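For reference, the structure discussed in these notes is given below.
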Amino acid sequence: TGSTKVVHPMLVEACVDFSSRVMKEIFPPGGPVKSKILGEKEKDKVAKAERKTDFMNWQTTEQMPEFRGELEQLSTQLPLGGAQYLKMMWSSQYLRPCAEFIPIDDVYLPFAATNFYSAERKTHVQYVTEMEYQRRVKVGMYIDVDLGSPEQPDFSKASIANDKIEGRKDTSYNEDGLRTIFEIYTHLDFGDGVEPYIISIDKTSGKAVALYRNWEPEDERRVELDWIVEFPFVPWRGAYPIGLTHMIGGLSAAATGALRALLDSAHIQNIPTLLKLKGGPGGQTLNVQPTEVVELEGGALIDDVRKLAMPLPFNGPSPVLFQLLGFVVDAGKGVVQTSFEKLSDANQAQPVGTTMALIEQGMVVFSSIHSRIHSSMSRVFKILHRINSAYLT
């Protein structure tokens with residue numbers, strides 16, 4: 001009781017640093033969209049590219065106010081989960097495109113999948129309130145079917161831990177009428193061969209509430225359309241990439257343990273814990289409060305109160321443990337560290353070429369991750385362009 005609950009900020013520091021670098025890289029103030037003209041740059045092509053660029057930059061900065069917020073939420077969580085997802089869709093309520101951040105624990109992929117985009121089935125777990133469900137039924141997104149009362153949603157461990165961090169508490173009454181809907185991007189056979197569809201299923205009743213084709217009407221090959229974009233951190237063997245939690249999670253836990261041990265030892269050493277000699281006719285138990293005068297009953301031959309009580313010799317914070325904490329922190333930072341942190345220790349008189357080489361070498365890891373983020377952003381804007389072409393005149 002009373003032990004410290006402090007957590008070493010190694011992972012948080014890395015996440016904030018990564019998000020700051022990424023957002024500066026992919027979301028400049030003027031807008032994140034850039035055009036690229038393949039082939040000969042004719043006057044009409046250039047004018048059309050500029051119109052599209054200006055319009056989509058206006059969309060992402062003005063028309064879709066949630067876009068940057070969802071992207072920042074994604075970038076801060078990306079190093080923790082290894083991958084996060086961004087969903088683009090048309091909102092029948094606002095009559096404009098919308099962006100939604102999807103955490104990795106709400107995306108289910110088949111066990112045999114080796115890549116997100118080539119997976120046979122991709123499931124987005126949605127937690128829909130009763131009001132939102134009725135709105136979707138009213139606008140025709142879902143069919144009106146009796147699903148019964150929803151069960152209490154089964155949230156992931158990551159979601160429960162996040163609620164604890166934010167200080168949120170959920171009751172067991174489900175006042176909002178939350179129900180779990182599985183939105184599944186898969187392939188089904190209705191007699192014309194296996195074709196891509198989107199089917200939504202209520203978890204409690206097991207009933208389907210929506211079914212949509214997932215290809216362009218004029219596409220004879222019926223190629224599956226993408227609506228969810230994966231933002232990977234470091235690709236690994238399976239369909240899910242890995243993040244800092246997998247790479248330095250153990251070191252972060254060790255740093256937290258060492259830091260707690262140091263603080264607890266300092267705390268215990270400053271607590272007046274005593275051993276008291278049991279004396280007198282029936283012994284006694286004392287709980288002395290500050291500024292209080294208490295009589296201590298001793299034996300017949302005890303003439304000094306210091307012979308009755310002895311403070312327990314607790315060891316203070318260990319310098320070896322403090323050195324170990326520094327070693328663990330340095331080892332963890334070595335995984336995500338760039339040479340920027342080392343430039344302050346470099347010789348100020350060294351050649352400019354050496355300094356530039358240090359910067360370039362330090363940015364190798366970040367550059368590769370940024371390259372993957374740029375590729376994902378390109379997919380996002382292709383989906384946005386497709387939504388515009390389908391819903392705008």
Side-chain angles (χ1 to χ4, degrees), residues 11 14-15 18-19 22 26 70-71 73-89 99-127 153-162 180-189 194-201 203 212-215 221-250 335-336 365-383 386:
L11 284 177
C15 290
F18 173 80
S19 177
V22 164
I26 67 175
E70 298 292 303
L71 203 58
Q73 193 174 2
L74 182 149
S75 64
T76 56
Q77 295 295 299
L78 180 56
L80 291 178
Q84 303 296 340
Y85 302 87
L86 190 69
K87 182 179 180 181
M88 301 297 295
M89 54 197 168
E100 178 186 356
F101 161 66
I102 305 176
I104 189 172
D105 40 302
D106 286 341
V107 173
Y108 297 165
L109 300 176
F111 177 77
T114 57
N115 182 274
F116 174 76
Y117 297 105
S118 63
E120 296 179 353
R121 182 181 66 256
K122 297 180 279 285
T123 301
H124 172 204
V125 184
Q126 298 181 336
Y127 303 102
D154 186 16
F155 296 106
S156 65
K157 291 183 178 179
S159 180
I160 294 173
N162 184 71
T180 305
I181 301 290
F182 295 126
E183 187 174 80
I184 306 166
Y185 300 76
T186 185
H187 293 76
L188 302 172
D189 187 355
V194 178
E195 298 162 333
Y197 285 92
I198 305 174
I199 182 171
S200 298
I201 298 176
K203 179 183 178 182
Y212 292 93
R213 61 166 174 79
N214 195 24
W215 70 88
R221 296 184 302 156
R222 300 190 173 182
V223 178
E224 182 181 11
L225 300 177
D226 290 330
W227 301 96
I228 300 177
V229 178
E230 179 189 55
F231 285 74
F233 193 74
V234 176
W236 211 244
R237 289 181 58 179
Y240 292 111
I242 64 171
L244 294 180
T245 310
H246 311 88
M247 293 188 283
I248 61 171
V335 179
V336 295
V365 176
F366 274 102
S367 296
S368 63
I369 298 174
H370 288 178
S371 178
R372 288 189 283 271
I373 302 299
H374 277 293
S375 176
S376 299
M377 289 295 288
S378 177
R379 286 179 178 267
V380 169
F381 297 139
K382 287 178 181 177
I383 296 175
R386 190 181 74 231

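Every value quoted in this text rests on a predicted model; they were computed, and no experiment measured them.
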If you look at every heavy atom in D226 and R386, which pair is closest and at what distance? O-NH2, 2.7 Å
Just so I know, are the side chains of P241 and R372 near enough to count as touching, which here means a heavy-atom distance under 4.5 Å? no
Mind telling me whether Y197 and W215 have parallel, tilted or perpendicular rings, with 30° and 60° as the class edges? perpendicular
Contacts table for residues 75-82: side-chain donor-acceptor under 3.5 angstrom, sequence neighbours left out:
| residue | atom | partner | partner atom | Å |
| --- | --- | --- | --- | --- |
| S75 | OG | S19 | OG | 2.8 |
| S75 | OG | L71 | O | 3.4 |
| S75 | OG | E72 | O | 2.9 |
| T76 | OG1 | E72 | O | 3.3 |
| T76 | OG1 | Q73 | O | 2.9 |

In the structure I gave you, are the side-chain heavy atoms of D105 and S159 within less than 4.5 Å of one another anywhere? yes
If you compare all heavy atoms of I104 against all heavy atoms of Q84, which two are closest, and at what distance to 0.1 Å? N-OE1, 2.9 Å
Which is it for H246 and W236 under the side-chain contact (heavy atoms from CB on, under 4.5 Å) test, yes or no, and what are the steps along the way? CA-CA 11 Å; H246 311 88; W236 211 244; over 6 Å; no
Give the intermediate values and the outcome of side-chain contact (heavy atoms from CB on, under 4.5 Å) for residues R379 and E230. CA-CA 9 Å; R379 286 179 178 267; E230 179 189 55; over 6 Å; no
For residues 119-127, please give each side-chain donor-acceptor pair under 3.5 Å, one per line with the distance, not counting sequence neighbours.
| residue | atom | partner | partner atom | Å |
| --- | --- | --- | --- | --- |
| H124 | ND1 | Q126 | NE2 | 3.4 |
| Q126 | OE1 | R136 | NH1 | 3.1 |

CA sep, side-chain torsions, deciding dist, call: R213, E195, side-chain contact (heavy atoms from CB on, under 4.5 Å): CA-CA 8 Å; R213 61 166 174 79; E195 298 162 333; over 6 Å; no
Tell me the closest heavy-atom pair linking W227 and N214, and the distance in Å. NE1-OD1, 2.8 Å
So, the side chain of Y240 versus the backbone of L109: is there a donor-acceptor pair under 3.5 Å, distance only? yes
Are the side chains of V229 and F116 in touch, meaning some heavy atoms are under 4.5 Å apart? no
Describe, in one word, how the ring planes of F18 and H370 are oriented to each other, choosing from parallel (under 30°), tilted (30 to 60°) and perpendicular (over 60°). tilted
With sequence neighbours left out, what residues match D106 under salt bridge (charged side-chain N to carboxylate O under 4.0 Å, His left out)? none
Just wondering, more than 12 heavy atoms not from D154 lying within 6.0 Å of its CG? no
If you measure from OH on Y117 to CD1 on I228, what distance do you get to the nearest 0.5 Å? 9.5 Å
Evaluate F233 against T245 for side-chain contact (heavy atoms from CB on, under 4.5 Å), listing each step before the verdict. CA-CA 11 Å; F233 193 74; T245 310; over 6 Å; no
Looking at I373 and P232, what are the two nearest heavy atoms and their distance? CD1-O, 4.0 Å
Measuring from K87:NZ to E70:CD, what's the distance to the nearest 0.5 Å? 12.0 Å
